[in-house]
Amino acid sequence: MSDKKITTEAGKAGLSRRGFLGATAVTGATLAAGAATMGGTVMTRESWAAAVKESQLKTHVGPGELDEYYGFWSGGHSGEVRVLGVPSMRELMRIPVFNVCSATGWGLTNESREVLGDSAKFLNGDAHHPHISMTDGKYDGKYLFINDKANSRVARIRLDIMKCDKITTIPNVQSIHGLRLQKVPHTKYVFCNAEFIIPQPNDGSVGFDNWDSAEKFTMFNAVDAETMEVAWQVIVDGNLDNVDACYTGNYAAATCYNSEGATDLAGQMRNERDWVTVFNIPRIEEEIAKGNFVTLGDSKVPVVDGRKKDGKNARVTRYVPVPKNPHGLNTSPDGKYFIANGKLSPTCSIIAIDRLDDLFNDKYEDERDVIVGEPELGLGPLHTTFDGRGNAYTTLFIDSQVVKWNIEEAIRFYNGEKTNYIKQKLDVHYQPGHNHASLTESSEADGKWLVVLSKFSKDRFLPVGPLHPENDQLIDISGEEMKLVHDGPTFAEPHDCIMARRDQIKTSKIWDRNDPYFATARAIAEKDGIDLMRDNKVIRDGKKVRVYMTSAAPSFNLTEFEVNQGDEVTVFVTNLDMIEDVTHGFCMVNHGVSMEISPQQTSSVTFTADKPGMFWYYCNWFCHALHMEMSGRMYVKPAN
Ligand code: CUK
Ligand code: CUA
Ligand code: CA
């Protein structure tokens, strides 16, 4: 397969044109016919092919073998989270979050609807940024958090069971986009950016005609990672795009691309510089403790004003001008720098985190004094990731490349020294958004694998109609040179991913009967005098009917029950099986009812028996040789 890739990509020109030109142009090496200089050694086409093949062998995870890393992919406007093994890029699981899942019953079951709360009415979501909770700057494997840009929510996934257990809607804002976690001392806060500037209050009193004169803003938000309640909000100037936090626990920084406060495309590109908004977390907490906050509308969340007034900074924020419509914001794993990616500028801006104390104490004349480097990288820098060896990897959307560059050399260049801070440019296919290196958001960044989430696949895969998959490419960054080793087609539209070592994620094999995930079902059963592990019974409560059944492969232990037309029926199924992997399903035919019941789990679902007649229910999760026979009947007695 590596031979084939070399042939198709490099065959016409003899070599991969842009890969070599990109690298040689910046390293000053010569490109002789059929040979290139890489890392000082002359590579022939054959030795290049051999090197790539060697990398590709590293990605081969044989049948029955396990991957070294867990990867969590956002699902974009599919609304879910996907779990992949890295380096095989095999999809291991999907975790429904902001979508509806026919298989697991997410969005249908009472347990999932309780998590979804008021937002259960929304059937869509737009999940961009998955991040693993941290302790002392390392992934602790407890939770994964993810934003919903579509309906302004933040969700938490418990990584022990890989299910979403909390969803919070952020009040008085629109579109939660950038999301990152406090890294140190632990993830107390989930920081999340509301992207769009809206009228405040947004009660219809502001229309198109009085928009210009209206009070309007967006807010930076902190969600308590344990309770998932909104802890506080900060009003900002401009808008908010991406965010990251530092390794001291004191700062978070967010990009703003709409400093213009414009509502049209041209307007949002008017300024040559927008800014990075830096948040001082201890000062925000102090302001709240001192009572220097307001609340908005019905919300009880304390809101601190972080806007400049008459050119004077608020205590809690600083605005650092950077060029132009910046997008990604990434903290280097050594904790030294925030890096803002220029998007409409070919640069990244490097902010020295150790200058932020002085910035907030007004020691600098100019906010730009915290910028210690602004390397020119290529066209359309969107996101940067790190190998833990001092190198940064930035996606260039317009150039369709990843550029590897050395941070300290870029800083020395900014100080006037002539360094070649760009180490390599590698073509990716095509138009990359996020990229992400293994463990890169933690102090343990290990520089092994780089995933590049390319927005277009064009001709890389068998054609599947007008809608194309995207292409998540795996790149070996363990050596001097980046080597592209795998193409991974993905469905719309992962924006970002995060990789953790497999020993950092500890999952349950079967459910704990005391799990809070089905605490409500346990409480209802207890009130009905039901032992969920033993009883198979129908409880009538006026027009409400609760049907309790257990299951053990290959049967439901209640194979018939009777209700009246118009009853609201809740079916509780408890899976008695103790054997790992023996999951049952419950599907009530012609009622839109389907759910997963994994070993030792209780699941419940409520529906209206609105049609008289006999209805089969069956197990829709293949569990046994007699899985087809695992069924029962509901009789709905006609109303008179
Ligand atoms: S964003 Cu999509 S490519 Cu939502 Cu992190 Cu940059
Ligand atoms: Cu139980 Cu299939
Ligand atoms: Ca702008």
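One-based numbering along the sequence shown. We count ligands from 1, going down the list as the structure has it; atoms in each ligand are counted the same way. Any value given below was found using the heavy atoms of this structure, including those in side chains, with hydrogens, waters and symmetry copies removed. Every value quoted in this text rests on a predicted model; they were computed, and no experiment measured them.
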For F191 and F220, take the angle between the two ring planes, folded into 0 to 90°, and tell me which bin it lands in: parallel under 30, tilted 30 to 60, perpendicular over 60.
parallel

Check the side chains of T263 and W211 for a donor-acceptor pair under 3.5 angstrom, ignoring hydrogens and angles.
no

Output, by chain and residue number, all protein N/O/S atoms separated from atom 6 (Cu) of ligand 1 by less than 2.8 Å.
H327 NE2, H383 NE2

Determine, for F145 and R156, whether the Lys NZ or Arg CZ falls below 6.0 Å from the six-membered ring centre while staying within 45 degrees of the axis.
no

Among F572, Y548, F561, Y617, which residue meets the ring pair (Phe, Tyr, Trp, His ring centres under 6.0 Å) test with F556?
Y617

Looking at residues at least two apart in the chain, or sitting in another chain, which of them share a side chain to side chain contact (heavy atoms under 4.5 Å, CB included) with T169?
S119, R153

Are Q473 and H486 close enough that a side-chain donor and a side-chain acceptor fall under 3.5 Å?
no

Among side-chain atoms of S598 and E596, is any donor-acceptor pair under 3.5 angstrom?
yes

Interfacing atoms of ligand 1 (cut-off 4.0 Å, heavy-atom, H177):
1 (S), 4 (Cu)

Got a sec, which residues hit salt bridge (charged side-chain N to carboxylate O under 4.0 Å, His left out) with E441, two or more places apart in sequence or on another chain?
R180

Could you check whether H128 and D126, counting side-chain N and O atoms only, form a donor-acceptor pair closer than 3.5 Å?
yes

Can you check the number of protein N/O/S atoms within less than 2.8 Å of atom 1 (Cu) of ligand 2?
4

Establish, from distance only, whether the side-chain atoms of H129 and H495 form a donor-acceptor pair under 3.5 Å.
no

